[in-house]
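Here is the structure we will look at.
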Amino acid sequence: MKSQAIVLILFLIMNITQQSQAKNTNNIHKVCASQASSCLELLPDELAKLRPRSNAWYKLKLYELESLFVLQQTEKQRAVLADLHPVDAAPIVFQITAYLYLAKNAYFYKEFESAEHYSEIVFNLIEQVTETYPDPRKIISLVNLKLYHAKLELLSDNEAAYTEKLLNALSTLESLREKFHNSYDPIFNRELYGNIGHTYARLDKHVESLQAYQTGLFWARQGVDLQQLSVSIYNVARAYQKLEFFDKALKEFELAKQAAINAKDEIVELFCYYQMADIYFNLNQIELVHRTLGHLKGRTLETNLSKYVKELQLKISNKHN
């Protein structure tokens with residue numbers, strides 16, 4: 001009887017352990033779909049359970065690359081990409097994502113020759129996939145990369161070529177909107193309208209940009225990704241800011257800031273404080289500018305944000321002189 005009881009207890013322990021492991025495995029997918037910072041915290045333990053470079057392992061590494069990108073942890077993402085390279089033996093979806101981030105990372109560090117090289121690989125891979133299985137999300141990734149690509153024309157002071165590339169990207173996005181107008185996929189629609197908004201913003205068409213961002217926000221609210229929800233609200237706020245609807249912009253920045261805090265996205269949170277301070281400066285409410293910038297003191301600022309804050313502080317100083 002004792003031996004039977006021991007066997008039963010062992011069976012129950014094993015069953016509970018297996019259920020717990022299954023629950024944790026399912027949990028990582030839910031967390032990574034909704035909260036990038038928590039995803040990065042859980043990934044090391046989950047990756048350690050898997051055979052390196054297996055399909056399941058690559059799936060988790062996708063989460064890692066995507067989370068690092070949305071949280072703008074560029075240096076860490078660069079290190080992960082270096083460890084992964086080469087990725088030619090990986091599943092093609094992973095190859096596309098890895099080369100996409102290699103290209104964007106190279107653009108960030110102004111390594112334009114490498115960026116061009118990786119971009120070309122992405123274009124070719126996406127064309128291969130879309131010929132056999134036309135996934136609209138991958139086409140959006142391609143267009144998004146082309147928006148990065150267009151920035152190179154500005155560096156050469158070639159505004160005509162820059163505008164041409166933007167219009168080309170917009171044409172592709174509008175074709176996708178028409179073709180998949182019956183789609184209820186929240187991720188696809190959030191990305192589609194977000195990129196339409198980005199393109200219109202770069203063309204200085206801020207009314208059209210606002211309309212696209214508002215639609216993107218609608219779809220972001222249908223999903224579970226808290227970080228992307230904060231970004232979508234931030235996009236709407238920026239469009240209002242560009243249109244000088246400052247009261248509406250401030251309201252949306254407050255919402256974006258709180259959403260970013262909930263998502264543990266410090267980058268968006270800090271950018272919200274900066275944009276709000278900039279609005280207060282334009283409204284000549286200098287006390288509120290200083291109070292808002294006070295939230296940035298002692299915080300680690302992203303490179304561009306640090307530059308913007310210094311420029312705003314210089315404008316404040318010049319205003320008093």
Note to self: Any donor-acceptor pair under 3.5 Å linking the side-chain atoms of Y280 with those of H290?
What the structure shows: no
Checklist line | Side-chain touch L270/Y274, heavy atoms, less than 4.5 angstrom | finding: no
Next item on the list: Answer yes or no: is there an ion pair linking K76 with E64, defined by an N-O contact shorter than 4.0 Å?
Entry: no
Notebook entry, point to check: How far apart are the C-alpha atoms of Q35 and V224, what are their side-chain angles, what is the distance that settles it, and do they pass the side-chain contact (heavy atoms from CB on, under 4.5 Å) test?
Noted result: CA-CA 9 Å; Q35 199 164 0; V224 295; over 6 Å; no
Item checked: Residue pair I121, H117: steps toward the side-chain contact (heavy atoms from CB on, under 4.5 Å) verdict -> CA-CA 7 Å; I121 294 174; H117 171 67; 3.6 Å; yes
Item checked: Side-chain donor or acceptor of Q222 paired with backbone N/O of F218 under 3.5 Å -> yes
Check: Hey, mind stepping through R78 and E111 against salt bridge (Lys or Arg N to Asp or Glu O under 4.0 Å) and telling me if it holds?
Finding: CA-CA 13 Å; R78 190 178 183 87; E111 297 167 353; 2.6 Å; yes
Check: What pair of heavy atoms forms the shortest contact from V70 to D265, and how long is it?
Finding: O-OD2, 4.0 Å
Check: What side chain to side chain donor-acceptor pair (under 3.5 Å) pairs are there with at least one residue in residues 253-264, not counting sequence neighbours?
Finding: E254-K257, Q258-N262
Next item on the list: Examine distances only and state if a side-chain atom of N124 and a backbone atom of E120 form a donor-acceptor pair shorter than 3.5 Å.
Entry: yes
Next item on the list: Examine the side chains of Q275 and Y234 and answer whether a donor and an acceptor come within less than 3.5 Å of each other.
Entry: yes
Notebook entry, point to check: Between D83 and K61, is there a salt bridge with N-O shorter than 4.0 Å?
Noted result: no
Item checked: Exercise: do Y99 and D88 side chains pair donor with acceptor under 3.5 Å -> yes
Check: Is any side-chain heavy atom of K315 closer than 4.5 Å to a side-chain heavy atom of D278?
Finding: yes
Next item on the list: Under 4.5 Å between side-chain heavy atoms, chaining through other members, with only Ile, Leu, Val, Met, Phe, Trp and Tyr counted: pull out the rest of the cluster around V236, sorted by chain and number.
Entry: V207, L210, Y213, L217, L229, I233, Y240, L243, F245, L255
Item checked: Salt-bridge present (R291, E287; N to O < 4.0 Å) -> yes
Note to self: Any non-hydrogen side-chain atom of I279 less than 4.5 Å from a side-chain atom of F253?
What the structure shows: yes
Next item on the list: Just do the side-chain contact (heavy atoms from CB on, under 4.5 Å) check on L42 and N27 with the steps written out, would you?
Entry: CA-CA 9 Å; L42 294 176; N27 186 50; 3.9 Å; yes
Notebook entry, point to check: Does the side chain of E174 come within less than 4.5 Å of K179's, by heavy atoms?
Noted result: no
Check: Please walk me through it: do F94 and L84 pass side-chain contact (heavy atoms from CB on, under 4.5 Å)?
Finding: CA-CA 11 Å; F94 187 86; L84 287 167; 3.7 Å; yes
